[in-house]
Every structure is written in C-alpha cells, then in structure tokens.
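Shown next, in structure tokens, is the structure this report addresses.
Numbered from 1 within each chain, the chains take letters A, B, ... in sequence-line order. Values in this document were obtained by computation on a predicted structure and should not be read as measured data.
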Amino acid sequence: MSQKNIHEDQKYIEGLIQNNAFVIQSIYDKFAPKVINYIKMNSGDETQAKDVIQETIITIYNQATEKKLQLTCPFDAYFFLLCKRKWLNQLKKTGNKEVTINEEVLSKDDDVQELAFETTLFEEQHELFTEMFEKLGQACKDLLKATFKINTMEEVAESLGISYAYARKKKSLCIGSLTKMVQKSPRYNNLKS
Amino acid sequence: MQDQDYNAFEDYLSGNLDQEAVKIFETRLGTDPDYLEAFQTYQNVSQFVENHFNNAEKSEAFKSQLEKVSSNYFQDASSTKTKKKRINPWFYSIAAAAILVIGLFIEQQFSNPVYNDFANYGTISLTVRGSQDETLQKAETAFNNHNYKDAETYFSELLITDANNMEYQLYKAVSLVELNKYEKADALFNDIMKTPSVYKNKATWYLALSKLKQKDEAACVDILKTIPEDAEDYPKSQKLLNKLD
C-alpha cells in the first residue's frame, strides 16, 4: 500500500475490473461529454472522440488488472487528462497543428499529473511488450502459455514431459529473450520511469 | 545479460533460491545498475505475459461490453442531434403552447405525482457477448419485458451463487416493488444503501419510489432529501421533491 490516500472514485476502477456495465455506463454519462467537447473544439469529430475514450478506458482497465491501479485523485480530472493527451498525440502524429490548448480545464493537481504520467508510461510499455511478444518464437509462446495457464511449474513439467528444473529454466530463457528484445528496442529508453 | 542471469531472476522471483543465494542476489541488485534494470524489465515482462494469458478471456469480455456501452452512448447522442436538426423552429412554439395546455390540464386533474410518472427503470444489460449464463439472460429479458414475476425468480436464483452482487440485488428489489412486495424490497434497498457501492444512490432513489408507490409521501420526502447532488438521479429526485412539497 502506498502512503497516499485512495480517492473515493476508486469505485470506478473497481467497477471496471469487475466489468460492471452500470459503472461503464456511468463513466460515459458523467465524463464523456467533456472529452467529446474538447476533441470537437480541437479539430476532431465524434467518431474520433469515441475511439479516444474507448482506448483510454481499456488502458485504465489494463493497468487496474495488471498493476492494481490505485486512484489518488478524482477520476474526472485523471480521465480527462489522459483523453486529452491521447488526442494531442494523435494530432501531432497527423501533423495537424490547429490546437487550441485550453490549459484552464487542465488540473494543476500534482496527484493527477503524476498518476496520468504513470498510466501513459504503462500504456506505452504495454504496447511495446505486446509488439515484442508477437515476435517471440512459437515454441516460447507455447511454453509460456503452459506455464501461466497451468497452476504449478511441477504440473507444467509433467505435461511437457520434462523435469521441473528444466521447465523453469526454459521459462526464464523465454522471458529473458523477450526482456532482451524489449531493452534493445529504440522506444525502450523513453519508457524508463 | 547471460542465460544464467535470467535463470537467477526466475529462481529469485519463484522463491527457489536459498537464503545465502538471496543475499548475494540482492547485493548485486543494489550495486549493479544494469543488472537491476534488466531484472526490473524481466519482472515487468513476466507480469505482462502472466496477465496476457490469465486474463485473456476476461479482457475480451470487458472489451466487448465496453464496445456495447460506447456504441449505444454515441448512437443515442447522434440520433438526438439529427432529430433536432429536422425540427422546424415553428414547431417549438406550437409544441410549447400544446404542452402548456396539456400541462395545465394535468395539473388540475391530478395534482399528486404518481409512481408511474417516475418509475422508469430503462433497459438493463447484464450479459456480455459469448456469455453462457442462461439464467442471467433470462433475468435480463424478463426484466426488460416488464415481466417482474419471472425477473424476481431469476435474480433470486442468481443471488444463490453470487450473494454479494449488488447489481442483482438492486434489480431484484425493483422487481419486488413492481410486485408490491414492499417489505422485502425496502429491506434490500436498505442493505444496498449501507454499502459503499456505486449502487448506493440508485438504491436510495428506488427506495423513495417504493415509498411513493406505497403512498407514504412523508417517508418518500425524507429519503429524497438524502440523495446527494452528484447522484445521477438527483435532478429527478428534486423534481419529485418539488411536486411533493
């Protein structure tokens, strides 16, 4: 547990983890209009807003399930900042520079900035890992699938007809080569926290 | 890093090093920054792979649910917009006049608000694509078709295996109100209201409606006053409160 207080809006995070339709709906009802408005004012349309919101929610969901995300600030400010950054990045990529950055709507709250930064970092890391994982050899993918799908490494060893120590070694080499690929990627240096 | 380094990472993470070896390993982490960085990346990658396999189905279910909510939301938003565009401005003044006349008429006829004016539970969506839970589907269909007798039975059934599911409890209670089984319904709402769940305010609003249906207006007013301003149903609760006062 961190020493920071968990914000009461953590209920939204828990709701996402539980795949609760009611919570997802209330996130849209309460927080989407502001994002849609912002994107429309900055050379975007409703379809683009839809994608930005959806991608942002998936990122939050991933971080919540993988890293036990704990909200230390209001969900509203956190969510808006993430959506906003995502949209500005997209505009930058397409070379569209017509952006009226409305900084007043941005929270200056440190907790919000910090948490949003962590989430952005997580997202980029997640994307890099996914990409590298796809490049991993099939034998490694199969072995890793077995090691995480089956409860214990002893059972994995038995199912693959190899010794426990050997199965663990193989697993470490597969994750090791993934680690190497990740570290070699030019994008890796931007991701160090 | 060499193969044996990754081996050591795995042995350390899976608790397969003896005390002596753990000490040596941790000393190296503290003194060799490259080693530490590789270890941290290894740990992150390992977590990622674990999550990738263990949560694949859940994650797919989440994404399809999200897509459903998102599409509905944006469809609703754009359909109201196109409707607005088609309306002739003259229509507004005529409509306003008509509403005024009808409103005055209704105001004179029935001055007391009734349950049916406010009891709009909408369409619920509990199932996700590919979900195998037949009872859940039946509960959803029964509820959406206003067949509250069956809905109550199915939600009770679901609650046997998932007793703490607030969503099921809420819809069961609503079904009970519709069936005039107030005592049971109100008890359920009260239970939900005691929890810190996201359904707390919904339950409060529905409890107020239950009291309205029971013609206990004093209790209804008291409950309505406890609905906080940030609740989704706050505007409706204020409207009802104004009518009751």
**Message:** So, using side chain to side chain contact (heavy atoms under 4.5 Å, CB included) as the criterion, who are the partners of Leu173(A) when residues are at least two apart?
**Reply:**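 Partners of Leu173(A) under the side chain to side chain contact (heavy atoms under 4.5 Å, CB included) test: Asp3(B).
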What residue in [options] has the most heavy-atom pairs under 4.5 Å with chain B?
{"options": "Glu14(A), Glu8(A), Gln25(A)", "result": "Gln25(A)"}
{"options": "Ile17(A), Ile53(A), Leu128(A), Thr65(A)", "result": "Thr65(A)"}
{"options": "Ala32(A), Ala21(A), Ser26(A)", "result": "Ala21(A)"}

**Message:** Hydrogens and angles aside, do Asn44(B) and Lys67(A) bring a side-chain donor and acceptor to less than 3.5 Å of each other?
**Reply:**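 Note: Asn44(B) and Lys67(A) side chains meet the donor-acceptor criterion.
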Search all heavy atoms of [X] against all heavy atoms of [Y] and return the closest pair with its distance.
{"X": "Ala49(A)", "Y": "Phe74(B)", "value": "C-CZ, 4.3 Å"}
{"X": "Gln65(B)", "Y": "Ile24(A)", "value": "CG-CD1, 3.7 Å"}
{"X": "Phe48(B)", "Y": "Glu66(A)", "value": "CA-OE2, 3.6 Å"}
{"X": "Ile175(A)", "Y": "Tyr42(B)", "value": "CG2-CE1, 3.4 Å"}

**Asked** Hey, mind stepping through Leu16(A) and Phe62(B) against side chain to side chain contact (heavy atoms under 4.5 Å, CB included) and telling me if it holds?
**Response** CA-CA 8 Å; Leu16(A) 289 179; Phe62(B) 175 79; 3.9 Å; yes
Proximity breakdown for [X] and chain B, heavy-atom pairs closer than 4.5 Å:
{"X": "Thr130(A)", "result": "both"}
{"X": "Lys30(A)", "result": "side chain"}
{"X": "Lys141(A)", "result": "backbone"}
{"X": "Gln183(A)", "result": "side chain"}

For the [atom1] atom of [X] and the [atom2] atom of [Y], what is their distance to the nearest 0.5 Å?
{"X": "Asp51(A)", "Y": "Ser70(B)", "atom1": "CG", "atom2": "OG", "answer": "8.0 Å"}
{"X": "Phe129(A)", "Y": "Gln47(B)", "atom1": "CZ", "atom2": "CD", "answer": "9.0 Å"}
{"X": "Arg168(A)", "Y": "Leu13(B)", "atom1": "CZ", "atom2": "CG", "answer": "11.0 Å"}
{"X": "Ser59(B)", "Y": "Asn19(A)", "atom1": "OG", "atom2": "CG", "answer": "9.5 Å"}
{"X": "His52(B)", "Y": "Asn62(A)", "atom1": "NE2", "atom2": "CG", "answer": "11.5 Å"}

Region of [X] that comes under 4.5 Å of a non-hydrogen atom in chain A:
{"X": "Ala38(B)", "answer": "both"}
{"X": "Ser14(B)", "answer": "side chain"}
{"X": "Asp5(B)", "answer": "neither"}
{"X": "Lys202(B)", "answer": "side chain"}
{"X": "Glu50(B)", "answer": "both"}

**Trace of the side-chain hydrogen bond (donor to acceptor under 3.5 Å, both in side chains) decision for Glu37(B) with Tyr188(A)** = CA-CA 12 Å; Glu37(B) 195 185 310; Tyr188(A) 174 73; 2.9 Å; yes
**Prompt:** Can you check whether Ser172(A) reaches Phe9(B) side chain to side chain, under 4.5 Å on heavy atoms?
**Reply:**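 Answer no - side chains too far apart.
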**Message:** Is any side-chain heavy atom of Ser177(A) closer than 4.5 Å to one of Tyr6(B)?
**Reply:**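 The answer is no, as the side chains (C-beta and beyond) never meet within the 4.5 Å cut-off.
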**Prompt:** What's the verdict on side-chain hydrogen bond (donor to acceptor under 3.5 Å, both in side chains) for Lys63(B) and Gln54(A), showing C-alpha distance, side-chain angles and the deciding distance?
**Reply:** CA-CA 9 Å; Lys63(B) 284 181 192 162; Gln54(A) 217 162 325; over 6 Å; no
**Request:** Take Glu232(B) and Asp29(A), measure what side chain to side chain contact (heavy atoms under 4.5 Å, CB included) needs, and give me the verdict at the end.
**Result:** CA-CA 9 Å; Glu232(B) 194 192 340; Asp29(A) 290 341; 4.0 Å; yes
**Item:** Gln138(A), CD: over 12 other non-hydrogen atoms inside 6.0 angstrom
**Value:**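 Counting other residues, nucleotides and ligands, CD of Gln138(A) exceeds 12 neighbours.
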**Asked** Do other residues, nucleotides or ligands put more than 12 heavy atoms under 6.0 Å from Lys50(A) NZ?
**Response**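 Check passes, neighbour count above 12.
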**Request:** For Asn20(A) and Tyr199(B), run side chain to side chain contact (heavy atoms under 4.5 Å, CB included): C-alpha distance rounded to whole Å, both residues' side-chain angles, the deciding distance at 0.1 Å, then the answer.
**Result:** CA-CA 11 Å; Asn20(A) 183 322; Tyr199(B) 299 107; 2.7 Å; yes
**Request:** Please list, chain by chain and in numerical order, all residues satisfying ring pair (Phe, Tyr, Trp, His ring centres under 6.0 Å) with Phe53(B), sequence neighbours excluded.
**Result:**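 Phe133(A).
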**Message:** Under a 3.5 Å distance rule, please check whether Glu10(B) uses its side chain to pair with a backbone N or O of Lys169(A) as donor and acceptor.
**Reply:**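 Here the side-chain-to-backbone pair does not exist.
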